Amino acid sequence: MSDVRIWNGKSAGEPGSGHDLNRRSFLRTGAAAVGGIAALAAALSPLKDLKPDELPTVDEFLQKHYKEMNAQEMEQALERIREQVAKRYGVRPHLRDVKPMDGVEFVYALNLSRCIGCRKCVHACVAENNQSRSPEIQYIRVLEMPRGTTDVEQANHHYDHAMVPSPNHYYMPVQCHQCANPPCVKVCPVEATWQEPDGITVIDYDWCIGCRYCEAACPYWARRFNFTTPTLPGAEVNPEMGYLSNRPRAKGVVEKCHFCLHRTRAGKMPACLEACPTGARKFGNVLDPNSEISQILRTKRIFVLKEEVGTLPRFFYYFDERYPFSLDPEAVEIGRSLALIPDTGRCV
Amino acid sequence: MRQYLTFLARCFRLSFVGDWRYYTWMFVLTVGALLGLNAYCKQLVYGLGVTGMTDHVSWGFYIANFTYLVGMAAAAVMLVIPVYIYRNKELHDLVIFGELFAVAAILMALAFVTVDLGRPDRFHHLLLRFNFPTSMLTWDVLVLNGYLLLNLHICGYLVYTAYRRRTPTKIFYIPFVFVAIVWAISIHTVTAFLYSGLGGRPFWNSAVIAPRFLASAFAAGPAFLILTLAVLKRVTRYHVPEKAFMTLRNIVTVAMTINMFLLGSEAFTEFYTDSAHAASAHYLFVGLHGHTALVPWIWSAIALNCVALFVLYMPISRTMGWLGLACVLLIVGVWIEKGMGLIVPAFIPTPLGEVVEYFPTLNETLVSIGIWCFGLLVYTILVRITVPVLSGRLTYDRGFTDESTTIAASDAAPGHA
């Protein structure tokens, strides 16, 4: 009440009560203000645990979108990242911005008659692409599917047998399908993800705001979000890095498979393909009619996952017609020689 | 300009004046908001890992609340239409409380999206590369901020002219009011399109989402306003005619009936077809492969909605007590149904068929409570200022006047039930 009077300029300074009220209200307001500021400070106190290392530097804050950087600005950004990686992981990386090649469109095909579900591709991918080890982020999910269906809801994601494959099942690895009509690109509010001329959908990790709309949009569950600071031991860092591919990511951004573009754009094969012991994975340039991948697309009975969602994947699956009811015996032989498949027993 | 600053200073001053009920209410809200801020600071340090969200269920409680609040904001239009199109006299002096609530609701909605961002420090990227018109999220940014500005302008103009004791010039606000009517519908439609446009999420990929959003919003929003006006009537001398409550009651009843009809249509399509696309609906209503976290929630929401609707259909809801009860039940029911009940099941099972459930963590809940407290704090202050201005007790030439300080004290802004 006293507040009202003083503020109206009516009671303040009036003989008698005015002076007293004035002081009392001053003390009361002061106490409330001090209390309020103290409470605010207490509320903000967790911020003191922010690691200075994790805060964006001025250069990082002002860095332009990938497509807007000129050669010099890109070199500055690369140098900044190299220094950051060297400081954080103790490894000076060989970081480049590898551009797509003319006349190349990459396509992947997976021979399901050869996949034995050993998950070597999953782990090779993690090692190649500097993913967080804890929590471990994996780009490839191998589904153990009952024979006779391609309905992913019947898949077992967490099969854990001593030996693979399990009888009456086949294995279907799923990763980013590098769609020609990618819903993730469509929904991104800041154009942090886009499709490159060679068909690879990439992410500028320095531009992503972490809204995860792309994660909601992807029908293949291909995208991963860094819910916390990724941990990557310095000894396990792969120093061969690309700006749009496997350089270490920060907390709060989305990542996914990029067809190992730092390798494939330099003429090498993706890490998952190289790790596959049975040769189930095929990769190449679909624009070259003589490539193995073109031949596969021409001659095999290929199919894509969830064709009805209209994403036009660049990731194809096929079963080898020669072995309609079993795994390719050659794949079984390789599996046995690597002790992945038991010598005896009903496994195919 | 100086006069406007004086106005702002007086408003600021006034927001600290009230009786013990006002202080208690504001103290509780402030504590809640600070707890939320504290929880958000923790989230900033450790990342969104402090929430229950995962790569499987990548949107949760935050986006659920965001969706609900966009609807609450849009619902102000249900007061505007009767007043400005049908010339309803009873609601005329009350429409501003709807518009003020729209302001508070939009602020809360924007806060919920902001806390959901992994990299809030890169917010300015939205200004630099704006994927418009392809991304529905950019549409949402535009319509939400546009709606906020529209309502700030309309409310600010009307309150300020009342403060200066001038008659508002129609051309300065009527066109904005009509734009705001269309705009209100657009904000909730765009928010629905955000979900329904995703082909990879069959649970959302349905044309009925947008109409359902509007129907549930036009039920829950006016229900909230009924409660606000009831509180206003009780703690201030502001004139709230009985007929206003009945008009709002009709709006709530019709909107809620349509909402239940649309929910039923949705459920029929999912369960009668029973295709693979119904897995999420199965998860929500009956559970999937033994996972049933949302089942009790959705059935309590349906029960709350049905009871509320039954009470509204009955003549007893002409009395304030029953009407208030129906409104509370309905607000909670819709909050569950279109919040968690709409966002979370779309992620379960994942596009690769995995069933991973989602539970909000304590930290996430605290952040959400904090945002709600902050929004109600803003709304209370806005109402606290508007009531004396509109009733001519805070004007430019006379300042804050009242017959006695006792009345000034009891004339505090409303608390909320």
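What you are looking at is a predicted structure, and each value in this text was computed from that prediction instead of being measured. All chains are named by letter (A, B, ...) in the order of the sequence lines, taking the proteins before the strands, and each is independently numbered beginning at 1.
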Between A/Ile209, A/Leu305, A/Val152, which residue shows the highest count of heavy-atom pairs closer than 4.5 Å to chain B?
A/Ile209
Heavy-atom distance under 4.5 Å to chain B: side chain of A/Phe225, backbone, both or neither?
both
What's the spacing between B/Thr350 OG1 and A/Glu153 CD if we round to 0.5 Å?
8.5 Å
Would one find more than 12 heavy atoms of other residues, nucleotides or ligands at under 6.0 Å from atom CD of A/Glu308?
yes
Once rounded to the nearest 0.5 Å, what's the spacing between atom CZ of B/Arg119 and atom OH of A/Tyr205?
14.0 Å
Side-chain contact test, heavy atoms from C-beta onward, threshold under 4.5 Å: evaluate it for B/Leu198 versus A/Pro183 and give yes or no.
no
Most heavy-atom pairs under 4.5 Å with chain B, out of A/Lys51, A/Arg223, A/Glu68, belong to A/Glu68
Going through the checks in order, is the side chain to side chain contact (heavy atoms under 4.5 Å, CB included) test met by A/Val253 and B/Arg122?
CA-CA 11 Å; A/Val253 301; B/Arg122 293 181 184 166; 3.5 Å; yes
Among A/Ala39, A/Ser45, A/Pro56, A/Cys208, single out the residue with the greatest number of heavy-atom pairs under 4.5 Å to chain B.
A/Cys208
For B/Trp139, look at atom CH2 and say whether over 12 heavy atoms of other residues, nucleotides or ligands are found less than 6.0 Å away.
no
Chain B contact via A/Val254 - side chain, backbone, both or neither, heavy atoms under 4.5 Å:
neither
From CZ (A/Arg212) to CD1 (B/Ile63), nearest 0.5 Å:
7.0 Å
If you count heavy-atom pairs under 4.5 Å between each of B/Leu128, B/Leu194, B/Val57 and chain A, which one has the most?
B/Leu194
Side-chain heavy atoms of A/Glu215 within contact of B/Met53, under 4.5 Å:
no
Which portion of A/Val174 sits near chain B, non-hydrogen atoms under 4.5 angstrom
side chain
Is it true that, when you exclude B/Phe123 itself, more than 12 heavy atoms of the residues, nucleotides or ligands shown sit nearer than 6.0 Å to its CZ?
no
Walk me through whether A/Thr29 and B/Phe16 qualify under side chain to side chain contact (heavy atoms under 4.5 Å, CB included).
CA-CA 10 Å; A/Thr29 314; B/Phe16 285 95; over 6 Å; no
Between B/Ser135 and A/Cys188, what is the shortest heavy-atom contact and its length?
CB-O, 3.6 Å
Is there a side-chain contact between A/Cys211 and B/Leu137, using heavy atoms and a 4.5 Å cut-off?
yes
If you define the side chain from C-beta out and look only at heavy atoms, does anything of B/Cys41 sit under 4.5 Å from A/Leu44?
yes
Does a side-chain heavy-atom distance below 4.5 Å link A/Glu191 with B/Thr138?
no
What do you reckon, is CZ of B/Phe132 surrounded by more than 12 foreign heavy atoms closer than 6.0 Å?
yes
Roughly how far, to the nearest 0.5 Å, is OH of A/Tyr213 from CG of B/Asp140?
8.5 Å
Hey, mind stepping through A/Asp49 and B/Tyr46 against side chain to side chain contact (heavy atoms under 4.5 Å, CB included) and telling me if it holds?
CA-CA 9 Å; A/Asp49 293 336; B/Tyr46 299 106; 3.6 Å; yes
Sort out for me which of A/Val187, A/Val309, A/Thr311 touches chain B most, counting heavy-atom pairs under 4.5 Å.
A/Val187
Quick one, A/His65 with B/His125, criterion side chain to side chain contact (heavy atoms under 4.5 Å, CB included). Give me CA distance, side-chain angles, the key distance, then yes/no.
CA-CA 8 Å; A/His65 185 273; B/His125 289 183; over 6 Å; no
Do A/Lys186 and B/Met136 come close enough that some side-chain heavy atom pair is under 4.5 Å?
no
Sort B/His124 into side chain, backbone, both or neither according to what part of it lies under 4.5 angstrom from a heavy atom of chain A.
side chain
Counting only non-hydrogen atoms closer than 4.5 Å, does A/Asn226 touch chain B with its backbone (N, CA, C, O), its side chain (CB onward), both, or neither?
neither
Residue pair A/Val185 / B/Asn131, side-chain heavy-atom distance below 4.5 Å
no
Nearest 0.5 Å, what's the CH2-CZ distance between A/Trp221 and B/Phe347?
12.5 Å
Are any side-chain N or O atoms of A/Lys251 and backbone N or O atoms of B/Gly118, one a donor and one an acceptor, separated by less than 3.5 Å?
no
Given a strict heavy-atom distance threshold of 4.5 Å, which part of B/Leu127 is in contact with chain A: side chain, backbone, both, or neither?
neither
Below 4.5 Å from any heavy atom of chain B, which atoms of A/Ala222 appear? Answer side chain, backbone, both or neither.
neither
Scanning both residues in full, the closest heavy-atom pair of B/Pro351 with A/Cys218 reads CG-O, 3.6 Å
Heavy-atom distance under 4.5 Å to chain B: side chain of A/Lys64, backbone, both or neither?
neither
Rounded to the nearest 0.5 Å, what separation is found between the NZ atom of A/Lys256 and the CG atom of B/Asp55?
14.0 Å
Who wins among A/Leu55, A/Thr229, A/Leu50, A/Thr228 for the most heavy-atom pairs under 4.5 Å with chain B?
A/Leu50
